[in-house]
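A quick write-up on the structure given underneath.
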Amino acid sequence: MSLFVIVILALIFVFLGSAVIGLLRGGKAGSDRMFKALRMRIILSVLLFVFLLLAGLLGWIEPNGFNLLPTQ
């Protein structure tokens, strides 16, 4: 499960880097490349979020018990 999440996060960063390259190139081709890369990054981010919610509901992943508020 954690390997899957790490791979998706790596893909998100790859598409973000591709968008930066498209931004630096400029012009019509660079703008199209930037748009496609950012669109794919958003799609992957939303799918990862939905997958993590679904995995939590189905019991595939469990909270680690980390609590920000101290208990007495």
Side-chain angles (χ1 to χ4, degrees):
M1 185 64 65
S2 61
L3 182 62
F4 176 74
V5 172
I6 290 171
V7 168
I8 296 298
L9 285 173
L11 280 173
I12 288 170
F13 281 113
V14 166
F15 281 112
L16 185 61
S18 178
V20 168
I21 290 172
L23 176 68
L24 292 175
R25 285 192 181 173
K28 176 79 170 135
S31 178
D32 288 343
R33 180 177 181 171
M34 183 181 65
F35 175 71
K36 289 177 184 177
L38 288 176
R39 180 180 58 196
M40 189 55 130
R41 186 186 68 90
I42 291 170
I43 290 170
L44 283 174
S45 297
V46 169
L47 287 178
L48 179 62
F49 182 74
V50 169
F51 175 75
L52 288 174
L53 285 175
L54 183 65
L57 289 174
L58 294 176
W60 297 344
I61 57 174
E62 296 177 0
N64 63 1
F66 182 74
N67 192 0
L68 294 176
L69 301 174
T71 58
Q72 297 181 6

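Because only heavy atoms are used, hydrogens play no part in the values below, and waters and symmetry mates are left out as well, while side chains stay in. Nothing fancy with the numbering, it's 1 onward along the sequence.
Residues meeting the side-chain contact (heavy atoms from CB on, under 4.5 Å) test with I61, sequence neighbours left out: M1, L52, A55. For the ring pair (Phe, Tyr, Trp, His ring centres under 6.0 Å) test, no residue two or more places apart in sequence or in another chain qualifies with F35. Applying the side-chain contact (heavy atoms from CB on, under 4.5 Å) criterion to L57, with sequence neighbours excluded, gives no partner residue.
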All N/O donor-acceptor pairs, side-chain side in residues 14-34, below 3.5 Å, sequence neighbours left out:
from	atom 1	to	atom 2	distance (Å)
S18	OG	R33	NE	3.4

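Sequence neighbours left out, the pairs with a member in residues 36-59 that pass ring-ring contact (aromatic ring centres under 6.0 Å, His included) are F4-F51. Identified under the side chain to side chain donor-acceptor pair (under 3.5 Å) test for residues 43-52, with sequence neighbours left out: none.
I43 contributes atom CD1, which lies 13.5 Å from atom CG of L48 (distance to the nearest 0.5 angstrom). Going from atom CD1 of I12 over to atom CE of M40 covers 11.0 Å, rounded to the nearest 0.5 Å.
With hydrophobic clusters built from ILVMFWY side chains whose heavy atoms lie under 4.5 angstrom apart, L38 does not share a cluster with L47.
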